[in-house]
Asks: 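Dumping the structure here so I can ask a few things about it.
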Amino acid sequence: MALSITTWNVNSLRKRRDGLEGLVRLVEPDVICLQETKVRDEEFPSEWVKALGYPHIHAHGMPGYNGVAILSRHPLARLSVRSWLSKNDCRHISATIPLAGGIEIHSVYIPAGGDVPDPTKNPRFAHKLGFLEAFGKWSGVRRRGSPHVVLTGDLNVAPLPTDVWSHEKLLSVVSHTPREVELFDRAFKAGRWVDAVRHVVPAEERLYTWWSYRAPDWAKADKGRRLDHVWVTPALKPQIKWASALREARGWKTPSDHVPVTVVLEV
DNA sequence: ATGGTTGGTAGCCAA
């Protein structure tokens, strides 16, 4: 059977009710991984999420910032919350879907890192580098009894030259600096991950999942970056059937600055 | 070189 998984940084779930309805209407994902929900668990809008067709919810949020969730049409087991660098900042949860011997799904939100790409001047960039390093160590450890893993999220790094509108110009812009890309690549290689989206969309082709709110005309300028990713474990590689970034979602009324990214697996 | 917009939540911080 087909299993479709979407990851989307919604930049406030409560502001994205229409957006989520649009996503479900167009894509009908079986599982939706969210980042930047910006809602504490007591205020999570479970009722309308369930009414959209996602009765199984795993959420971990806090006031104002961050927050991740997994919405599912399939039951979720082994619900887990992970904290990074001794902070409980609601950036990583996982759950297992009881298909194909268990598919462990992760929703991850890596720190954006602020504007200045110098860890001695910008503590948020230092935090991002530390996070990427720790994430890389974790990502290399494959756990027993969990044959399939799908890691999704706003990883806040655009690794390839074709993941940004200008490789040269963005070498000094947080999200595409050599140091970040190096740590990102190390995490990717350590886990023997497969980039499910680039498995479908060739690396030669430009692909973006985020466009700044600050551009007067995001579509015309088209200065995007691919910050949102779906990684799968090697055994799932032959099962990747389709992948796409829903570019049109950036043009919706009251959009997120990120668009949903979907991968379809045959499991 | 700077500022541009959005969101949360209370007069700025984070993205």
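Letters go in sequence order (proteins before strands), and every chain restarts at 1. What you see is a predicted model; the values in this text were computed from it and never measured.
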Asks: Can Thr162(A) and Arg198(A) be counted as having a side-chain donor-acceptor contact under 3.5 angstrom?
Replies: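 The criterion, which ignores hydrogens and geometry beyond distance, is satisfied for Arg198(A) and Thr162(A).
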
Asks: Write down the distance separating the C1' atoms in dG7(B) and dT2(B), rounded off to the nearest Å.
Replies: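 It comes out at 23 Å once rounded to the nearest Å.
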
Asks: Determine, for nucleotides 4-14 of chain B in 5'-to-3' order, which nucleotides have protein heavy atoms under 4.0 Å from the base (write B), from only the sugar-phosphate (write S), or from neither (write -).
Replies: BBSSSS----S

Asks: Please say whether the positively charged group of Arg17(A), taken as NZ for Lys or CZ for Arg, lies over the ring of Trp252(A), i.e. under 6.0 angstrom from the six-membered ring centre and within 45 degrees of the axis.
Replies: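 No, a cation-pi geometry is absent between Arg17(A) and Trp252(A).
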
Asks: Mind checking whether Asn9(A) and Tyr109(A) have side chains closer than 4.5 Å, heavy atoms only?
Replies: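 Yes, close enough: below the 4.5 Å cut-off.
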
Asks: Under 3.5 Å, is there a donor on one side chain and an acceptor on the other for His74(A) and His56(A)?
Replies: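 No pair is found: no donor N or O on one side chain lies under 3.5 Å from an acceptor on the other.
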
Asks: Whether Glu180(A) and Lys128(A) form a salt bridge (side-chain N of Lys/Arg under 4.0 Å from carboxylate O of Asp/Glu) is what I want to check.
Replies: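 Salt bridge present between Lys128(A) and Glu180(A).
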
Asks: What verdict does the ring-ring contact (aromatic ring centres under 6.0 Å, His included) test give for Tyr208(A) and Trp165(A), after you've listed the backbone C-alpha separation in whole Å, the side-chain angles of each residue and the deciding distance to 0.1 Å?
Replies: CA-CA 8 Å; Tyr208(A) 312 140; Trp165(A) 63 275; 8.9 Å; no

Asks: With rounding to the closest Å, how many angstrom separate the C1' atoms on dA15(B) and dT9(B)?
Replies: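 It works out to 15 Å between them.
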
Asks: To the nearest Å, how far apart are Asp154(A) CG and dA15(B) P?
Replies: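 Asp154(A) atom CG is separated from dA15(B) atom P by 10 Å.
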
Asks: Between dC12(B) and dA1(B), how far apart are the P atoms? Round to whole Å, please.
Replies: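 It works out to 29 Å between them.
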
Asks: What parts of residues 156-180 of chain A reach DNA chain B, counting only heavy atoms under 4.0 Å away?
Replies: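 Within residues 156-180 of chain A, no residue comes under 4.0 Å of DNA chain B.
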
Asks: Scan residues 112-131 of chain A for pairs that pass ring-ring contact (aromatic ring centres under 6.0 Å, His included), counting only residues two or more places apart or in two chains.
Replies: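 Every ring-ring contact (aromatic ring centres under 6.0 Å, His included) pair that includes a residue of residues 112-131 of chain A, provided the two are not neighbours, is Trp84(A)-Phe131(A).
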
Asks: Please determine, by modelled atom types, if Asp30(A) and Ser4(A) share a side-chain donor-acceptor pair under 3.5 angstrom.
Replies: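 Yes, a side-chain donor-acceptor pair sits under 3.5 Å.
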
